[in-house]
Amino acid sequence: MTQAPVFRSVLGEAAWQRLGEVVRRHYSLRPFSGDSVTVRGRMDEVWRGRWAWLLLPAGRLFGALVPYQGRDVPIEVHYRCHPDSARLSWDRRFRFAGRPVFHFRSFMEAAPHARHEVVEYVRFGLGLRLRVSAEDGALVFRDAGYVWRLGRGPRVPLPLHLLLGRAYVEERPVPGDDGAFTMQMRIRHPWWGDVFRYSGRFRLD
């Protein structure tokens, strides 16, 4: 059994068609299939705030935060669907100089009973609800709150935004280059400013 790609279903057809072609191409993987795609690029920066090191032990436990900083960091992102699942899996491979490859793994699925929303999960059932939109050709994700889910049980809201702030992510086509897009992610607290951020440019294989 195969279905429409996750973001095509979540956004709706009209919004899906407003995305840039390179964004649609690397998110055209179908649930319940063996579809996969890889993008490669370099991160202009991977950065965290001064006090964010206090969060790193929990980040390592849940596999939710990149523990290193750097500039011009090579990266590969491997996207994969699975024949027995509606999940879209991510494996982000950061290659910081002088360190082993760091894997940031997660999986994403459409949020049940919510329009235009997905949930991205890391280890131990920790998830981030993300509202999804198409804006000027870009795919934009806005933080809608953290949840915890054990197995297939109900999702329990967690007020982690009080500590971490809110996340924002976008993937935007590069004008004049059909195979390239830029990506940025930031977590910003209303009192303390940016907590984590990274940004870079990618090419679709």
Side-chain angles (χ1 to χ4, degrees), residues 1-39 62-65 76-93 103-161 164-173 181-187 198 202 204:
M1 175 177 67
T2 58
Q3 300 176 357
V6 170
F7 290 107
R8 191 169 192 163
S9 298
V10 169
L11 288 168
E13 189 62 26
W16 171 258
Q17 294 300 332
R18 291 198 298 271
L19 293 174
E21 180 184 357
V22 67
V23 179
R24 292 199 308 270
R25 282 168 56 201
H26 81 271
Y27 281 121
S28 289
L29 285 69
R30 301 161 299 165
F32 300 102
S33 77
D35 292 351
S36 64
V37 71
T38 298
V39 300
F62 288 97
L65 298 173
E76 302 169 5
V77 185
H78 298 259
Y79 306 80
R80 182 175 300 277
C81 285
H82 307 274
D84 59 349
S85 171
R87 296 176 176 180
L88 173 60
S89 296
W90 308 51
D91 182 2
R92 308 163 181 86
R93 303 178 185 180
H103 293 259
F104 176 11
R105 297 184 176 97
S106 65
F107 70 87
M108 188 175 287
E109 56 189 36
H113 315 303
R115 295 188 63 195
H116 309 309
E117 187 175 299
V118 296
V119 186
E120 183 174 8
Y121 290 97
V122 289
R123 294 178 191 154
F124 308 120
L126 179 64
L128 175 60
R129 295 170 50 212
L130 293 161
R131 294 191 182 99
V132 186
S133 58
E135 302 178 19
D136 299 322
L139 183 62
V140 176
F141 304 82
R142 289 184 172 88
D143 182 332
Y146 290 87
V147 295
W148 180 69
R149 184 179 69 178
L150 183 60
R152 291 295 175 181
R155 294 183 300 164
V156 179
L158 297 175
L160 292 179
H161 64 279
L164 286 172
R166 297 287 190 182
Y168 172 90
V169 183
E170 70 169 39
E171 297 188 8
R172 186 173 298 277
F181 65 95
T182 60
M183 178 270 180
Q184 63 166 305
M185 185 282 295
R186 68 171 181 265
I187 301 176
Y198 54 72
F202 294 82
L204 176 64

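Note that CZ of Phe107 is 9.5 Å distant from NE2 of His82, once rounded to the nearest 0.5 Å. Atom OG of Ser85 sits about 13.0 Å away from atom CZ of Arg80, to the nearest 0.5 Å. In this structure, CE in Met185 is found 12.0 Å from CD in Glu171, a value given to the nearest 0.5 Å. Residue Arg105 holds its CZ atom at 4.5 Å from CG of Asp91, rounded to the nearest 0.5 Å.
Here the options are Glu135, Glu170, Glu117, the test is salt bridge (charged side-chain N to carboxylate O under 4.0 Å, His left out), and the partner is Arg142; only Glu135 passes.
When the ring pair (Phe, Tyr, Trp, His ring centres under 6.0 Å) test is applied to His116, no partner is found at least two apart in sequence or on another chain. Legend: residues meeting side chain to side chain contact (heavy atoms under 4.5 Å, CB included) with Pro159, ordered by chain and number and at least two apart, are His161, Leu162. Taking the ring pair (Phe, Tyr, Trp, His ring centres under 6.0 Å) definition, one finds that Tyr168 meets it with nothing, sequence neighbours left out. Scanning for side chain to side chain contact (heavy atoms under 4.5 Å, CB included) contacts around Arg123 gives an empty result, with sequence neighbours left out. Not counting sequence neighbours, the partners of Asp143 by the side chain to side chain contact (heavy atoms under 4.5 Å, CB included) test are Leu128, Tyr146, Arg166, Ala167. Legend: residues meeting ring pair (Phe, Tyr, Trp, His ring centres under 6.0 Å) with Phe104, ordered by chain and number and at least two apart, are absent.
Of the possible polar contacts, one joining the Arg24 side chain to the Leu19 backbone as a donor-acceptor pair under 3.5 Å is found. Between the side chain of Arg149 and the backbone N or O of Arg155, no donor-acceptor pair lies under 3.5 Å. Checking side-chain atoms of Trp148 against main-chain N and O of Phe124 turns up a donor-acceptor pair under 3.5 Å. In this structure, the side chain of Asp35 engages the main chain of Arg30 through a donor-acceptor pair within 3.5 Å.
Between Pro31 and Ala86, the shortest heavy-atom distance links the atoms CB-CA, 3.7 Å. Residues Ser9 and Ala4 come closest through the heavy atom pair OG-CB, 3.6 Å. The two residues Ile187 and Gly165 make their nearest non-hydrogen contact at CG2-C, 4.2 Å. Minimum heavy-atom separation, Ala134 to Leu11: N-CD2, 4.0 Å. The heavy-atom pair separating Leu88 from Cys81 by the smallest distance is CD1-SG, 4.0 Å. For the residue pair Ser106 and Glu120, the shortest heavy atom distance occurs at OG-OE2, 2.5 Å.
The ring of Phe181 has its center closer than 6.0 angstrom to the ring center of His26.
In this structure the side chain of Leu139 reaches within 4.5 angstrom of the side chain of Val132, judged on heavy atoms. Side-chain atoms of Val118 and Phe7, non-hydrogen and from C-beta on, do get closer than 4.5 Å to each other. Using a 4.5 Å heavy-atom cutoff, the side chains of Val77 and Trp90 are in contact. Looking only at side-chain heavy atoms (C-beta outward), Arg93 and His78 come within less than 4.5 Å of each other. Counting only heavy atoms from C-beta outward, the side chains of Glu109 and Val6 never approach each other to under 4.5 Å. Between Leu126 and Leu158, some side-chain heavy-atom pair lies under the 4.5 Å cut-off. Counting heavy atoms from C-beta outward, Leu204 and Val37 have side chains that approach closer than 4.5 Å. By the 4.5 Å heavy-atom criterion applied to side chains, Leu29 and Pro5 are not counted as neighbours.
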Query raised in the report: Could you walk me through whether Glu13 and Arg8 pass the side-chain contact (heavy atoms from CB on, under 4.5 Å) check?
Result: CA-CA 6 Å; Glu13 189 62 26; Arg8 191 169 192 163; 2.8 Å; yes
Query raised in the report: Checking side-chain contact (heavy atoms from CB on, under 4.5 Å) for the pair Val169/Gln184: CA distance, chi angles, key distance, verdict?
Result: CA-CA 6 Å; Val169 183; Gln184 63 166 305; over 6 Å; no
**Report entry** side-chain contact (heavy atoms from CB on, under 4.5 Å) assessment of Met183 paired with Tyr198
**Finding:** CA-CA 8 Å; Met183 178 270 180; Tyr198 54 72; 3.3 Å; yes
Requested in this report: Under the side-chain contact (heavy atoms from CB on, under 4.5 Å) rule, what do Val147 and Val119 come out as? Steps first, then yes or no, please.
Outcome: CA-CA 9 Å; Val147 295; Val119 186; 4.2 Å; yes
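Taking the six-membered ring where tryptophan is involved, the planes of Tyr27 and Tyr79 are perpendicular, since the angle between them exceeds 60° and thus also 30°.
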